[in-house]
Amino acid sequence: MSITINFSWLNNLSAGGLLGFFAIVLAFIAYRKSVKDKYDSWRSLLESFLDELKAQSSWLATEYHSDYQEKGFYSPYGAVFKISFESAKEIARRGINDLGIISSDLRNNIAIFNERVEAFNALLNYQRNIITANPILSYNLEEFLEDNGLRKESVNYSVFEQKIEQLKNSGKKEKLEIYALAKEILWINQAIHRNLIGDRSRPDSLCYLWHSIKTEIEQILENFESRLPWFVKTKNAILICIFSAILFILVEQVLV
């Protein structure tokens with residue numbers, strides 16, 4: 001048994017109609033690609049931001065409560081590195097988008113996050129300027145701290161603090177200078193850890209913002225496919241092209 005397929009209907013398709021149909025299909029494909037590229041760009045940006053957040057997890061995910069104390073806060077050699085979130089800056093630069101990828105609350109949190117990161121890095125600059133302004137004084141402070149239990153677990157914070165406070169009663173210029181530098185470095189470290197990083201009870205702290213932003217971005221990326229317009233999804237785009245072709249052929253046949 002042989003099966004014969006009749007393609008005579010192809011002769012009824014006009015050249016102008018075919019050109020018009022293909023022009024419409026190509027326009028649809030181009031529009032779909034432009035929309036998909038926008039979504040892909042946002043997905044890549046959010047993934048980069050999430051990677052940056054994870055890279056700082058050991059730092060910003062830690063809670064520093066208002067009474068947090070650490071002997072290392074006095075040390076001129078305990079300065080930390082700056083933090084950078086280029087993806088967060090790019091998200092803020094893009095501002096409101098027509099895709100609705102991120103909510104207004106998330107956008108506001110990212111803006112506050114960027115401001116707190118800038119303040120964090122500015123304090124680190126200030127701290128380094130103080131430490132490097134007089135390297136000999138910084139060295140003498142570190143030597144004093146080491147000699148009085150900076151790295152000895154047997155010396156608790158209260159005893160260690162008392163030894164530093166005794167410097168201001170010495171009456172000696174060198175010790176007074178060491179004391180002043182120690183207190184200034186302490187103040188800066190407290191501002192960095194307690195005020196800027198803070199804990200999750202304060203919505204403006206880096207710690208709270210880190211956890212909040214990370215959670216929401218993870219949820220967005222997990223459900224990203226569902227956010228795509230229906231015509232952008234590959235399966236639907238193919239069905240649209242097939243349905244359009246069938247409809248075009250039927251219309252052409254009727255008009256003949």
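Counting begins at 1 with the first residue of the sequence.
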Do [X] and [Y] have side-chain heavy atoms sitting under 4.5 Å apart?
{"X": "V232", "Y": "P229", "answer": "yes"}
{"X": "L124", "Y": "I188", "answer": "no"}
{"X": "R107", "Y": "I91", "answer": "no"}
{"X": "W42", "Y": "R94", "answer": "yes"}
{"X": "N134", "Y": "E177", "answer": "no"}
{"X": "K172", "Y": "L176", "answer": "no"}
{"X": "F144", "Y": "L150", "answer": "no"}

> Can you check side-chain hydrogen bond (donor to acceptor under 3.5 Å, both in side chains) on S103 and D105, steps first, answer last?
Replying inline: CA-CA 5 Å; S103 65; D105 288 340; 5.3 Å; no

>> By the salt bridge (Lys or Arg N to Asp or Glu O under 4.0 Å) test, which pairs, at least two apart or in different chains, include something from residues 219-234?
In response: R43-E225

>> Applying salt bridge (Lys or Arg N to Asp or Glu O under 4.0 Å) as the test, list every pair that has at least one member in residues 118-143; sequence neighbours left out.
In response: K89-E118, E142-R151

So which atom in [X] and which in [Y] form the shortest heavy-atom distance, rounded to 0.1 Å?
{"X": "W187", "Y": "L123", "answer": "CZ3-CD2, 4.4 Å"}
{"X": "S138", "Y": "P76", "answer": "O-CG, 3.4 Å"}
{"X": "F113", "Y": "I213", "answer": "CB-CD1, 3.8 Å"}
{"X": "L206", "Y": "F120", "answer": "CD1-CD1, 4.2 Å"}
{"X": "D199", "Y": "H65", "answer": "OD2-ND1, 3.1 Å"}
{"X": "N148", "Y": "V155", "answer": "O-CG1, 3.8 Å"}

Check whether more than 12 heavy atoms from other residues, nucleotides or ligands sit under 6.0 Å from atom [atom1] of [X], and answer yes or no.
{"X": "L26", "atom1": "CG", "value": "yes"}
{"X": "K175", "atom1": "NZ", "value": "no"}
{"X": "E174", "atom1": "CD", "value": "no"}

Does a side chain donor of either [X] or [Y] reach within less than 3.5 Å of an acceptor in the other side chain?
{"X": "S158", "Y": "N156", "answer": "no"}
{"X": "N189", "Y": "Q127", "answer": "yes"}
{"X": "E47", "Y": "S87", "answer": "no"}

Could you list the donor-acceptor pairs under 3.5 angstrom formed between side-chain atoms of residues 53-63 and any protein atom two or more places apart in sequence or on another chain?
residue: S57; atom: OG; partner: K54; partner atom: O; Å: 3.0
residue: T62; atom: OG1; partner: S58; partner atom: O; Å: 3.1
residue: E63; atom: OE1; partner: R200; partner atom: N; Å: 3.0

>> Go through it in stages, so that I can follow the logic: the residues are E184 and Y126, the test is side-chain hydrogen bond (donor to acceptor under 3.5 Å, both in side chains), and I'd like the CA-CA distance, side-chain angles, deciding distance and then a yes or no.
In response: CA-CA 11 Å; E184 190 160 17; Y126 178 61; 2.8 Å; yes

Applying salt bridge (charged side-chain N to carboxylate O under 4.0 Å, His left out), can you list everything that pairs with [X], at least two apart in sequence or on another chain?
{"X": "K152", "answer": "none"}
{"X": "R194", "answer": "none"}
{"X": "K168", "answer": "E165"}
{"X": "D204", "answer": "R202"}

Shared ILVMFWY cluster between [X] and [Y], side chains joined below 4.5 angstrom?
{"X": "I83", "Y": "F81", "answer": "no"}
{"X": "V159", "Y": "F73", "answer": "yes"}
{"X": "L239", "Y": "V35", "answer": "no"}

Among residues at least two apart in sequence or on other chains, which ones pass ring-ring contact (aromatic ring centres under 6.0 Å, His included) with [X]?
{"X": "F160", "answer": "Y74"}
{"X": "Y31", "answer": "F231"}
{"X": "Y64", "answer": "Y68, H193"}

> Which residues satisfy the side-chain contact (heavy atoms from CB on, under 4.5 Å) test with T234, sequence neighbours excluded?
Replying inline: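 Applying side-chain contact (heavy atoms from CB on, under 4.5 Å) to T234 gives R32, I238.
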
> Given I217 and F49, is the side chain to side chain contact (heavy atoms under 4.5 Å, CB included) satisfied, shown in steps?
Replying inline: CA-CA 9 Å; I217 289 180; F49 187 22; 3.2 Å; yes

>> Just verifying a value: how many Å separate L181 CG and L141 CG, rounded to the nearest 0.5 Å?
In response: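 Nearest 0.5 Å value for the CG-CG distance: 5.0 Å.
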
>> So, taking the atom named CD in Q190 and the one named CG in L196, what distance separates them when rounded to the nearest 0.5 Å?
In response: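 That separation rounds to 12.5 Å.
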
>> Can you list everything that forms a side-chain hydrogen bond (donor to acceptor under 3.5 Å, both in side chains) with S44? Sequence neighbours excluded, please.
In response: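 Testing S44 for side-chain hydrogen bond (donor to acceptor under 3.5 Å, both in side chains), a comparison that skips the adjacent residues, returns none.
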
